[in-house]
Amino acid sequence: MEFKEILRRRRSVRKFSPQPLPDAVVDRLVDEALTAPSARNTRSTRLLIVDDPALLARMSDMRDYGSAFLKNAPLAVVVLGETASCDLWRENAAIVATTLQLACVDEGLASCWVHIHGRPRRKDAPDGERAADYLRTFLPIPDNCEPLCALAVGYSDFTPADLPPFDKSEKIVRVQ
Ligand SMILES: Cc1cc2nc3c(=O)[nH]c(=O)nc-3n(C[C@H](O)[C@H](O)[C@H](O)COP(=O)(O)O)c2cc1C
């Protein structure tokens, strides 16, 4: 797919068909995601692939807002950063996550980011249990890694609209 079309067609999708992802497609996605650049080439990002429906259901309960749709996704990729490898592990992980979302579009797949790092499980208890700590109780997240986000990935259950145009003029300053 042409790059401009990939940019236009990337939308956050939260409703997936039950169609599973072929292993070869998953292999390509993670391979392409890990081509992302990293600070000082530290490559501090790791990916945890989850397709067990029972685990996805437990993951969907990581927060009481913005994560429920994970239970109906055929697959999730948890994006982890090795925190001691690089002070910019968050930035490195975010670039890998974004690259993976673009690779999904190229494969005819859809995705949505579910944020983990720094988020509480319950919106009305901002200082209570962290989503990351909850996930550590049942996912094999190494001690030296911190999850940044999970990407729900699957075939969309509908045809998402292209990215709508928006006024970018206030976002861009051109100094000449
Ligand atoms: C850093 C970041 C965190 C996000 N966290 C969530 C989230 O926790 N739950 C969710 O449903 N969507 C989440 N999103 C998706 C955004 O809501 C979505 O990208 C935005 O509404 C724009 O829609 P679009 O991706 O279709 O252009 C997140 C996106 C980013 C980049």
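Counting convention: from 1, in listed order, for ligands and their atoms alike.
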Between Glu129 and Arg122, does any side-chain N to carboxylate O distance fall below 4.0 Å? no
Does a sphere of radius 6.0 Å around CZ in Phe158 hold more than 12 heavy atoms from other residues, nucleotides or ligands, not counting ones at 6.0 Å or beyond?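 It does: Phe158 CZ has more than 12 such atoms within range.
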Check: Ser111/Gln101 side-chain N/O donor and acceptor closer than 3.5 Å: yes
Under the side chain to side chain contact (heavy atoms under 4.5 Å, CB included) rule, what do Cys104 and Leu29 come out as? Steps first, then yes or no, please. CA-CA 7 Å; Cys104 284; Leu29 286 177; 4.1 Å; yes
Nearest-0.5 Å distance that lies between atom CG in Leu148 and atom CG in Leu80: 9.5 Å
Residue shell around ligand 1, heavy atom under 4.0 angstrom: Arg10, Arg11, Ser12, Arg14, Arg63, Gly66, Phe69, Cys112, Trp113, Val114, His115, Leu163
Could you list the donor-acceptor pairs under 3.5 angstrom formed by side chains in residues 52-68, with sequence neighbours left out?
| from | atom 1 | to | atom 2 | distance (Å) |
| --- | --- | --- | --- | --- |
| Asp52 | OD1 | Ala54 | N | 2.8 |
| Ser60 | OG | Ala57 | O | 2.6 |
| Asp61 | OD2 | Arg121 | NH2 | 3.0 |
| Arg63 | NE | Tyr65 | O | 3.2 |
| Arg63 | NH1 | His115 | O | 2.8 |
| Arg63 | NH2 | Tyr65 | O | 2.9 |
| Asp64 | OD1 | Lys123 | N | 3.1 |
| Asp64 | OD2 | Lys123 | N | 3.4 |
| Ser67 | OG | Ser60 | O | 2.9 |
| Ser67 | OG | Arg63 | N | 3.4 |
| Ser67 | OG | Arg63 | O | 3.1 |

